[in-house]
Amino acid sequence: MSGLQANEIEARLAGLEDGWMVVDDHHLAREFRFRNFEHALEFVNLVGELAESMDHHPDLHLSYGRVRLEIWTHRLDALTDLDFDFAAKTERLYEPPTR
């Protein structure tokens, strides 16, 4: 497995929902918003289960009503297809807050 090139990264990013950004051609990042801490924590736990099932572990930053997710393939220190697959699966776990 090797890291993706810039053109491959842009093509894969286009396949994700809005909100994802590529930082320094190195990792994916997105902030998810929630009504409160409890809902944010539930999301973190779901992402943790996904990470364990895929043996692919993102950096998670939890705060009141927010979760920031950063994804890259640590052993290559680069973005790979696995990172984009993980991001897409994470999107399916997210339920935006309703007012």
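Throughout, numbering of the chain's residues begins at 1 and tracks the sequence.
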With sequence neighbours excluded, residues passing side chain to side chain contact (heavy atoms under 4.5 Å, CB included) with L41: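 Residues passing side chain to side chain contact (heavy atoms under 4.5 Å, CB included) with L41: F37, N45, L62.
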Main chain of H26, side chain of D24: is a donor-acceptor contact present, judged purely on distance under 3.5 Å?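 Judged by distance alone, no pair lies under 3.5 Å.
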Could you tell me whether the side chain of Y94 and the main chain of R33 form a donor-acceptor pair under 3.5 Å?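 It does hold such a pair.
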One pair to check against salt bridge (Lys or Arg N to Asp or Glu O under 4.0 Å): E70 and R30. What are the steps and the verdict? CA-CA 7 Å; E70 296 177 358; R30 180 174 172 187; over 6 Å; no
Cluster question for you: counting only ILVMFWY and a side-chain heavy-atom cut-off of under 4.5 Å, with indirect links fine, are [X] and [Y] together?
X   : Y   : value
I71 : L93 : yes
L60 : M21 : no
F84 : M54 : yes

Could you grab the distance from atom [atom1] of [X] to atom [atom2] of [Y], nearest 0.5 Å is fine?
X   : Y   : atom1 : atom2 : result
I9  : L4  : CD1   : CG    : 5.5 Å
E8  : D25 : CD    : CG    : 11.5 Å
E17 : T90 : CD    : OG1   : 10.5 Å
W72 : H57 : CH2   : NE2   : 13.0 Å

How would you list all residue pairs meeting salt bridge (Lys or Arg N to Asp or Glu O under 4.0 Å) that involve residues 81-91, not counting sequence neighbours?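 Pairs touching residues 81-91 that pass the test: R12-D81, R12-D85.
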Pairs satisfying salt bridge (Lys or Arg N to Asp or Glu O under 4.0 Å), at least one member in residues 46-59, at least two apart: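 Checked against salt bridge (Lys or Arg N to Asp or Glu O under 4.0 Å) - neighbours excluded - no pair reaches residues 46-59.
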I'd like to know whether CD of E95 has more than 12 heavy-atom contacts from other residues, nucleotides or ligands below 6.0 angstrom.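 Incorrect, the count does not exceed 12.
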Atom of G3, atom of L76 and distance for their closest heavy-atom approach: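 Where G3 meets L76 most closely, the heavy atoms are N-CD1, 4.1 Å.
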Nearest heavy atoms of S63 and A40, plus distance in Å: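 For S63 and A40, the tightest heavy-atom pair comes out as O-CB, 4.0 Å.
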Just wondering, do V47 and F86 contact through their side chains at under 4.5 Å, heavy atoms?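 Yes. Closest side-chain heavy atoms under 4.5 Å.
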Does the side chain of L28 come within less than 4.5 Å of V22's, by heavy atoms?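 Answer yes - side chains close enough.
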As a quick check of understanding, evaluate side chain to side chain contact (heavy atoms under 4.5 Å, CB included) for T98 and R35, giving each step before the final call. CA-CA 8 Å; T98 56; R35 281 188 298 252; 3.6 Å; yes
